[in-house]
Amino acid sequence: MTATKTIRQQLEATVRAALARAFPEQEELRLELSRPREKAFGDFATNAAMVAGKKLGLNPMDAARKIVEEIEVPSPLIASVDIKKPGFINIEVARSAYLEKLREIATFPDDTRYGMAPTGRGKKVQVEFVSANPTGPLNVVSARAAAVGDALVRLLRRTGYDVRSEFYINDSGTQVELLGESLKARFRQALGEKCEIPEGGYPGEYLTEAAEEIVPEKMLQSLAQALESPAGGTDDAAERERAAGFLPALEDEREHIDRFLEDTIAANPDERRNKRTYFDDYFAFREALEPEHVSLWMPLYVCHLSSLGLTFTGDMLDRLVWIERFRSYLRAQRVEGITVEDGGMMSAGRVFLGELVEGVGFDFSRFAVAEIVRTQQASLERFYGPVETLRAKLGVAPGEGLRFDSWFRESSLKHDVDEMLRTLLSDGRFVVEKEGAVWLKGGDEEDANEWVMRRSTGQPTYFLSDIAYHVNKRKRGFEQVIDIWGPDHHGHVGRMQTAMKVVSHVLPDLEIGEDWLRVLIAQQVNLIKDGSRVQMSKRSGEYVTLDDMVSEVGADVARFFFLMRRCNSHLDFDVDLAMKTSEENPVYYVQYAHARISSILEFARQNGYREIPPPLADLALLAAEEELEVIRTLAGFDELVRVSALALEPHRITTYLVDLAGKFHRFYHNHRVVTDDRALSDARLYLCFAVRSILRSALSLIGISAPDSM
RNA sequence: GCGCCCGUAGCUCAGCUGGAUAGAGCGAUGGCCUCCGGAGCCAUAGGCCGUGGGUUCGAAUCCCGCCGGGCGUACCA
């Protein structure tokens, strides 16, 4: 598969060559090639004569005549050339050039790669987006960033960049500590205690669910029941079986733990040894016990926590001590006559769990972050396709949602952060120390701002850590970094740009150029429901999540809506409209065109058209205005992809899709495709096929499904 | 106060990096199914592109000043 030049590129080369021949002494000019709105002015117009005329002090009309003399007309590319009033050169593209593009589209082997271009030249680019704080489910702005970022990644990939997507997890700092405190409160509540969510914490319901993960209710029940029989075991066969079934098979557990060891702690050999020892001990312990000893539950429980990637302050012996303590604790409770019936055993178990979790130094923040990141990942993976209720009807398989190439943890940057600060301090040119804190200042006079990097408490700020993070990106070899941030970060853009400029002076070897970092702001989304805005606030715990959107309007509609607007403009998303009038939706309009073509092609196949697209179709028969409109639009697609990627504006693809679908519907309405006229039918089937290819190509660029029937 | 984003049809937004007579969807009104998919098509109405200057052959687009809306402006992230 090779990429050919777009028609615009071909024309530009031709005009430049003509210009160079007409005015050999003139160096390269910044000439423009635009598409006139008015059809009478041709397909393209160039201001070459006006620009050149001005430079050389010539009348633009005369310059235009000189240039036009040097353009070969007619040629396979250009049908005719015309000079208009101030000095425009209007170019009519030859039909052969359009038909050539049409052929290229229809014969291109892979629709999901059509439009590929060498523009990026394998440049190593990172797109970082969503990067929501791990303090709750993904909200609407995250959904928007996800749609835009994913489309951008696909767009850049299509145009020859070596792109990696990244999600940055802010898993350290005050907010995360607060999150841990909040989870701890929920945990206490789950144990039956009265406990308030701390001031400024996170009252959302999702933490209750996470807390219940820590205290699996059924484990407690099972445990309490088992302890009703003498010596913590049971003679009842059914009960024994149930108890045994409560544990995973030994081999399964081993496999699970091995995988855990590989994934989570491979990076740190010391940690690995500790864990390995712990698990070996655990297995030894476990194998020594009879299956019906349900008190085995406790090591299982400890293991369960470990498998979630949590660290413990104690070692295995400590845990065994705890387990022993638990047994005697429960026995003691038994002696005092506590039974399952009065709920005493349950609460005894709860109290003990509370103590255990405190005793092993359970890290609530880490657990909460791990838990939330997991749900965020799951949400993103579901971010594809039509709404669930239509999925079967539209015949779309659950496709791959959004997967990031990497998830980067802020907590892994500790070393980089320290080093960054040391480097800046020893350089000295851009730092100020005052009021016990360390500040960064811009280099030049016009940027007199100063920002704290290290607090007087000695703690680094988010700003410093973000500088270190971006330097880390550069060190990983990215030649260009694109960040998509939420609206609350837009004040951060300026100082980050300043910081990168500073870094380029302090660490010149990194070669951080002026536009190495490009930041897009995914602006605010106002959800309109029942005609009024839905208020969103993390603090109140009430907001519309990505999951809500996917289940209510579907990922296709959500993505399309987000990509219909430039990402830096505010957006009113009318949820009622998106659902209520879903039949009038632009998404369905576009998808309908796709399904319609599939249906036509199927109809043709059943009526004796064996090969589609018909290889011998005479495309010159496509001469109706509606057909030419469609062809011109198709022929412009590769150029659109190129320009959208350069401008980092994926929303242009959706605009294009609506336009193309409209032109196709118009064509369809005025011309029957399959008729008695075999030659004409062949040509029109060819056209239909090409339209479908481009629809697929464009839809795949923005991550939206292309159903064959609806 | 300073900085960033946004003002285009009743509503929500495009407008291809400065081009010629301003573009969609929704909403309104009126038409089109013996026929490959009517989730479609056609027509009508709706605009001083917030406003005043500037740059030039030419501005919705670039620059400056106002006016309106939103958001930043923490030793939060």
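Just so we're on the same page: letters track the sequence lines, and every chain starts at 1.
- When only modelled atom types and interatomic distance are considered, A/His671 and A/Glu627 share no side-chain donor-acceptor pair under 3.5 Å.
- Look at A/His665 and you won't find any side-chain N or O under 4.0 angstrom from OP1 or OP2 of B/A39.
- Within the nucleic acid shown, A/Ser456 comes within 4.0 Å of at least one base atom, counting heavy atoms only.
- In this structure, A/Ile89 CD1 and A/Met61 CE are separated by 10.0 Å, a value rounded to the nearest 0.5 Å.
- Stacking of the aromatic ring of A/Phe88 onto the base of B/A20 is found: the ring centres lie under 5.5 Å apart and the planes are inclined by under 30°.
- Across every strand in view, B/C36 sits unpaired, with no contact that passes the Watson-Crick or G-U test at under 3.5 angstrom.
- The side chain of A/Tyr592 places an N or O atom within less than 4.0 Å of a non-bridging phosphate oxygen (OP1 or OP2) of B/A39.
- Side-chain nitrogen and oxygen atoms of A/Tyr588 include none within less than 4.0 Å of the OP1 or OP2 phosphate oxygen of B/G25.
- Counting atom types as modelled, A/Asn47 pairs no side-chain N or O with a base atom of B/A20 as donor and acceptor under 3.5 Å.
- Side chains of A/Arg696 and A/His594: a donor on one and an acceptor on the other come within 3.5 Å.
- Using a 4.0 Å heavy-atom distance criterion, A/Tyr656 is classed as making no nucleic acid contact.
- A side-chain donor-acceptor contact under 3.5 Å links A/Asp556 and A/Gln591.
- The partner of B/A24 is B/U12, judged by Watson-Crick or G-U wobble contacts that both fall below 3.5 Å.
- Rounded to an integer number of Å, the gap from A/His492 NE2 to B/C71 P is 20 Å.
- The pairing partner recorded for B/C49 is none, the criterion being a Watson-Crick or G-U wobble arrangement whose two distances lie under 3.5 angstrom.
- Nucleotide B/C33 carries a syn base; the chi torsion (O4'-C1'-N9-C4 or O4'-C1'-N1-C2) is within 90° of 0.
- Within the nucleic acid shown, A/Ala595 comes within 4.0 Å of at least one base atom, counting heavy atoms only.
- Of the side-chain N and O atoms in A/Tyr609, none sit less than 4.0 angstrom from OP1 or OP2 of B/C36.
- In textbook terms, a nucleotide whose glycosidic angle is within 90° of 0 is syn, while B/U51, being further out, is anti.
- Interface remark: the A/Ser599 side chain does not form any donor-acceptor pair with the B/C36 base, using a distance-only criterion of under 3.5 Å.
- When both distances must be under 3.5 Å, the Watson-Crick or G-U wobble mate of B/G30 is B/C42.
- Across all strands shown, B/U17 has no partner, as no Watson-Crick or G-U wobble contact with both distances under 3.5 Å is found.
- Across all strands shown, A/Glu435 has heavy atoms under 4.0 Å from base atoms, whether or not it also approaches the sugar-phosphate.
- Taking a 6.0 Å sphere around CG of A/Asp515, one finds it holds more than 12 heavy atoms contributed by other residues, nucleotides or ligands.
- Toward the 5' end of RNA chain B, the nearer of the two residues A/Asp488 and A/Phe603, judged by each one's closest nucleotide, is A/Phe603.
- In this structure, a donor-acceptor pair under 3.5 Å is present between the side chains of A/Glu92 and A/Ser80.
- Nearest nucleotide to the A/Ala45 side chain, out of B/C41, B/G25, B/A20: B/A20.
- For the C1' atom pair drawn from B/U51 and B/G69, the interatomic distance equals 15 Å after rounding to whole Å.
- Under the Watson-Crick and G-U wobble criteria, each requiring two contacts below 3.5 Å, nucleotide B/C62 is paired to B/G54.
- When heavy atoms are screened at a 4.0 angstrom cut-off, A/Leu571 is found touching the sugar-phosphate backbone but no base atom.
- Within 4.0 Å (heavy atoms only), A/Asn90 reaches at least one base atom of the nucleic acid.
- A sub-4.0 Å separation between OP1 or OP2 of B/C76 and a side-chain N or O of A/Arg455 is present.
- Closest contact between the side chain of A/Arg566 and the listed nucleotides B/G37, B/C16, B/G15 involves B/G15.
- Nucleic acid contact class of A/Val674 (heavy atoms, under 4.0 Å, all strands): base.
- Between A/Arg16 and A/Glu12 there is a salt bridge, since a side-chain N of the basic residue sits under 4.0 Å from a carboxylate O of the acidic one.
- Distances shown here put a side-chain N or O of A/Arg8 below 4.0 Å from the OP1 or OP2 atom of B/U17.
- Between A/Thr461 and A/Arg652, it is A/Arg652 whose nearest contact on RNA chain B lies nearer the 5' terminus.
- Across all strands, A/His489 comes closer than 4.0 Å to base atoms (heavy-atom distances).
- At B/A14, none of the side-chain N or O atoms of A/Arg565 fall inside 4.0 Å of OP1 or OP2 (strictly under the cut-off).
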